[in-house]
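Naming convention: chains lettered A, B, ... in sequence-line order (proteins, then strands); numbering from 1 in each chain. These numbers come from the heavy atoms of this one structure, side chains and all, not from hydrogens, waters or symmetry mates.
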Amino acid sequence: MIYWQLFIEFLKIGIFAFGGAYAIIPLIEETCVKNMWITKETLLDFIGISESTPGPISINMATLVGLSQGGVLGAIIATFAVVLPAFIITILIASILKKYIKNDKVQAVLSGIKPVIIALIIFVGFSMLVTICFPESVISALSLAIVLILFLINFIYKHFKKTDMPPLLIILIASSLGLVFLL
Amino acid sequence: MNKYIDLFITFFYIGITTFGGGYAMLSLIKGIVVDKKQWLTEDELLEMTIIAESTPGPIAVNLSTYCGYKLKGITGSIISTLAMVLPSFIIIFIIALLMNAFLENEVVVAVFKGIKCAVVFLIINSGIKMFKAMKKTMFSLIVFFSLILVLTMLSLLAINLTSIVYIILGGILGFVFLRTPKEVVE
């Protein structure tokens, strides 16, 4: 049953999404591919929407994927499931576990997870690059060009502002480039 | 004002005004929760940031849950977390409804082709940024590069293992090989 499946899959994602906003992407990608919920292309659209709307990416993604698979109830279930682990763990920490979080062993486990998450994010990023550059086995040099232009623009921005360009601005620039080149 | 209503309105506002999630929202949350409402001290917020880093899930959820719990127990934490999640949920919901109507439009298709490129850039860039910020010990470098190698080989062989396996494995390796606090603490 789709509701139960959504609940279990997003619960798993909620439990293992260590390490910041993007940690959820590799997990959600393989879940969607495995269950054949949405294509990689649609997934990229969903991430784009999640980035350009308020709220944490994981919540936006859960709502979008849940909605696409199980309507309103699906969206509610997926969002609930993705938030639940963080909610329970935070309550446990606030009430009884505060002293354990700084425990050497706990931090050792987390330090072991960190390079794994980073490798997964970089790998999924490049596999998505392959997806947009080789759609249906034709080469889309324009997509690659846009990605490279974004790196260049961000590099220049960073040189002057000492910080990365805000994601929303990146998305605005990329949509304009999409309009100009791809229409 | 009733504390429950106050919690609800405050976190609803935070939910509406924070884009992208993660640390981008931290300064805004600090402005409201620490400076204006004084629900948390600055030290508490810093400690919560460390806790959020050590626990799964979005930092916004960790913070809203913690604040609600501190002020009004379990009910408070449910209310503030719900309020935090609700705006994203509603906005995404409306967009998804509109999207179906517009997705056939070729202008929208072109825009989304551009957005796809932006997403790929954002993911790769954030991965690179995280790698740069990662403390480079023998351990972290070996784990990082061997995982990249394994992932590349497996994908060439069209074998898909769930990332959860690697995450658990990384945790076990950390538990076994990282002993002294010196190696662990950033």
(request) State whether the number of non-hydrogen atoms from other residues, nucleotides or ligands found under 6.0 Å of A:Phe151 atom CZ is greater than 12. (result) yes
(request) Please state whether the side chain, the backbone, both or neither of B:Ser140 comes within less than 4.5 Å of a heavy atom of chain A. (result) both
(message) To check you understand the geometry: which heavy-atom pair defines the closest contact between A:Gly125 and B:Ile123, and what is its length?
(response) CA-CG2, 3.7 Å
(request) Grab the two heavy atoms, one from B:Leu178 and one from A:Ala108, that are nearest each other, plus how far apart they are. (result) O-CB, 3.3 Å
(request) Calculate, to the nearest 0.5 Å, the distance between atoms CZ and CZ belonging to A:Phe46 and B:Phe112 respectively. (result) 9.5 Å
(request) Could you look at B:Tyr69 and say if it's the side chain, the backbone, both or neither that has a heavy atom under 4.5 Å from chain A? (result) side chain
(message) Is it the case that the side chain of A:Glu51 and the backbone of B:Val119 share a donor-acceptor pair, with hydrogens and angles ignored and the cut-off at 3.5 Å?
(response) no
(message) Less than 4.5 Å to any heavy atom of chain B: does that hold for the side chain of A:Phe126, its backbone, both, or neither?
(response) both
(message) For the interface with chain B, which of A:Ile49, A:Val180, A:Ile93 has the highest count of heavy-atom pairs at distances below 4.5 Å?
(response) A:Ile49
(message) If you count heavy-atom pairs within less than 4.5 Å of chain A, which of B:Pro87, B:Ser146, B:Gly127 leads?
(response) B:Gly127
(message) Could you check whether any side-chain heavy atom of B:Thr81 comes within less than 4.5 Å of a side-chain heavy atom of A:Thr90, counting everything from C-beta outward?
(response) no
(request) Grab the two heavy atoms, one from B:Pro56 and one from A:Gly14, that are nearest each other, plus how far apart they are. (result) CB-O, 3.2 Å
(message) Is there a path of hydrophobic side-chain contacts, each under 4.5 Å between heavy atoms, that joins B:Leu86 and A:Val82?
(response) yes
(message) Which atoms of A:Leu150 are under 4.5 Å from chain B, going by heavy atoms: the side chain, the backbone, both sets, or neither?
(response) both
(message) Report which part of A:Ser58 has an atom under 4.5 Å of a heavy atom belonging to chain B: side chain, backbone, both, or neither.
(response) side chain
(request) Report, as yes or no, whether the 6.0 Å neighbourhood of atom NZ on B:Lys3 holds more than 12 heavy atoms from other residues, nucleotides or ligands. (result) no
(request) Check whether any side-chain heavy atom of B:Ser88 sits under 4.5 Å from a side-chain heavy atom of A:Thr63, and report yes or no. (result) no
(message) Measuring from atom CZ of B:Phe93 to atom CG of A:Asn60, what distance do you get when rounded to the nearest 0.5 angstrom?
(response) 14.0 Å
(message) Quick check on the interface: out of A:Leu177, A:Ile170, A:Ile146, who has the most heavy-atom pairs with chain B under 4.5 Å?
(response) A:Ile170
(request) Considering non-hydrogen atoms only, spot the tightest contact between A:Ala119 and B:Leu147 and give its length. (result) CB-CD2, 3.8 Å
(message) If I take atom NZ from residue A:Lys158 and atom CG from residue B:Asn125, how far apart are they, to the nearest 0.5 angstrom?
(response) 6.0 Å
(request) Please flag which part of B:Leu161 lies under 4.5 Å from any non-hydrogen atom of chain A: side chain, backbone, both or neither. (result) backbone
(message) To the closest 0.5 Å, what do you measure between OG1 (B:Thr65) and CG (A:Leu92)?
(response) 11.0 Å
(message) For residues B:Leu82 and A:Phe7: do they belong to one hydrophobic cluster (side chain heavy atoms under 4.5 Å, members Ile, Leu, Val, Met, Phe, Trp, Tyr)?
(response) no
(request) May I ask you to name which of A:Leu144, A:Leu172, A:Ile149, A:Ile76 has the most heavy-atom pairs under 4.5 Å with chain B? (result) A:Ile76
(message) So which residue, B:Leu141, B:Leu173, B:Thr152, B:Ile142, ends up with the most heavy-atom pairs under 4.5 Å with chain A?
(response) B:Thr152
(message) Within the supplied structure, the quantity of interest is the number of heavy atoms (other residues, nucleotides, ligands) at a distance under 6.0 Å from A:Lys162 NZ; does it exceed 12?
(response) yes
(message) So which residue, B:Leu151, B:Thr162, B:Thr55, ends up with the most heavy-atom pairs under 4.5 Å with chain A?
(response) B:Leu151
(request) Find out if a path of hydrophobic residues (ILVMFWY) with successive side-chain heavy-atom gaps under 4.5 Å connects B:Met153 to B:Val165. (result) no
(request) Identify whether A:Ile38 and A:Val33 are in the same connected component of the hydrophobic contact network (ILVMFWY, side-chain heavy atoms under 4.5 Å). (result) no
(message) Does atom CZ (A:Phe80) have a neighbourhood of more than 12 heavy atoms from anything else shown, all under 6.0 Å?
(response) no
(request) For chain A, find which of B:Val120, B:Val111, B:Ile92 contributes the most heavy-atom pairs closer than 4.5 angstrom. (result) B:Ile92
(request) Hey, could you give me the CE/CZ distance between A:Met165 and B:Phe121, rounded to the nearest 0.5 Å? (result) 8.5 Å
(request) Below 4.5 Å from any heavy atom of chain B, which atoms of A:Leu67 appear? Answer side chain, backbone, both or neither. (result) side chain
(request) Check each atom of B:Ser155 against the heavy atoms of chain A and say whether the ones under 4.5 Å are side chain, backbone, both or neither. (result) side chain
(request) Determine the option with the most heavy-atom pairs under 4.5 angstrom with chain B, choosing from A:Val124, A:Leu64, A:Leu148, A:Ile89. (result) A:Leu64
(request) Find the one option among B:Gly174, B:Gly15, B:Gly68 whose heavy-atom pairs under 4.5 Å with chain A are most numerous. (result) B:Gly174
(request) Under 4.5 Å, counting heavy-atom pairs only, tell me which of A:Glu30, A:Met128, A:Glu29 racks up the most with chain B. (result) A:Glu30
(message) I'd like to check B:Ile168 versus A:Phe16 (side-chain heavy atoms, cut-off strictly below 4.5 Å). Are they in contact?
(response) yes
(request) Go through the atoms of A:Val106 and report whether side chain, backbone, both or neither lie under 4.5 Å from a heavy atom of chain B. (result) neither
(message) Taking side chain as everything from C-beta outward and backbone as N, CA, C, O, which of these in B:Leu63 sits under 4.5 Å from a heavy atom of chain A? Side chain, backbone, both or neither.
(response) neither
(message) For the OG1 atom of A:Thr53 and the CZ atom of B:Phe89, what is their distance to the nearest 0.5 Å?
(response) 13.0 Å
(request) Below 4.5 Å from any heavy atom of chain A, which atoms of B:Ile91 appear? Answer side chain, backbone, both or neither. (result) side chain
(message) Using side-chain heavy atoms (C-beta onward) and a distance below 4.5 Å, is B:Ile124 in contact with A:Ile122?
(response) no
(message) Is A:Ser176 in contact with chain B via its backbone, its side chain, both, or neither, using a 4.5 Å heavy-atom distance?
(response) neither
(request) Determine the minimum heavy-atom distance between B:Ile115 and A:Ser175, stating which atoms define it. (result) CG1-OG, 3.9 Å
(message) With a sphere of 6.0 Å drawn around CZ of B:Phe131, does it hold more than 12 non-hydrogen atoms of other residues, nucleotides or ligands?
(response) yes
(request) Between chain A and each of B:Val143, B:Ile148, B:Ile167, count heavy-atom pairs under 4.5 Å; write down the option with the most. (result) B:Ile167
(message) Please classify the contact of B:Ile164 with chain A as side chain, backbone, both or neither, using a heavy-atom distance under 4.5 Å.
(response) both
(message) Could you report the tightest heavy-atom contact between A:Leu27 and B:Ser163, atom names first, then the distance?
(response) CD2-CB, 3.9 Å
(request) Look at the side chain of B:Lys116 and the backbone N and O of A:Asp45, then say whether any donor-acceptor pair between them is shorter than 3.5 Å. (result) no
(message) According to a hydrophobic-cluster definition based on side-chain heavy atoms being under 4.5 Å apart (Ile, Leu, Val, Met, Phe, Trp, Tyr only), do B:Val109 and A:Leu142 belong together?
(response) no
(request) Side chain from CB out, backbone as N, CA, C, O: work out which of these in B:Lys70 comes under 4.5 Å of a heavy atom of chain A, or both, or neither. (result) neither
(request) For the pair A:Phe87 and B:Ile78, evaluate side-chain contact (heavy atoms from CB on, under 4.5 Å) and give the outcome as yes or no after the intermediate values. (result) CA-CA 8 Å; A:Phe87 181 82; B:Ile78 293 173; 3.6 Å; yes
(message) Name the residue from A:Val147, A:Leu44, A:Ile173, A:Leu129 that meets the side-chain contact (heavy atoms from CB on, under 4.5 Å) definition with B:Cys117.
(response) A:Val147
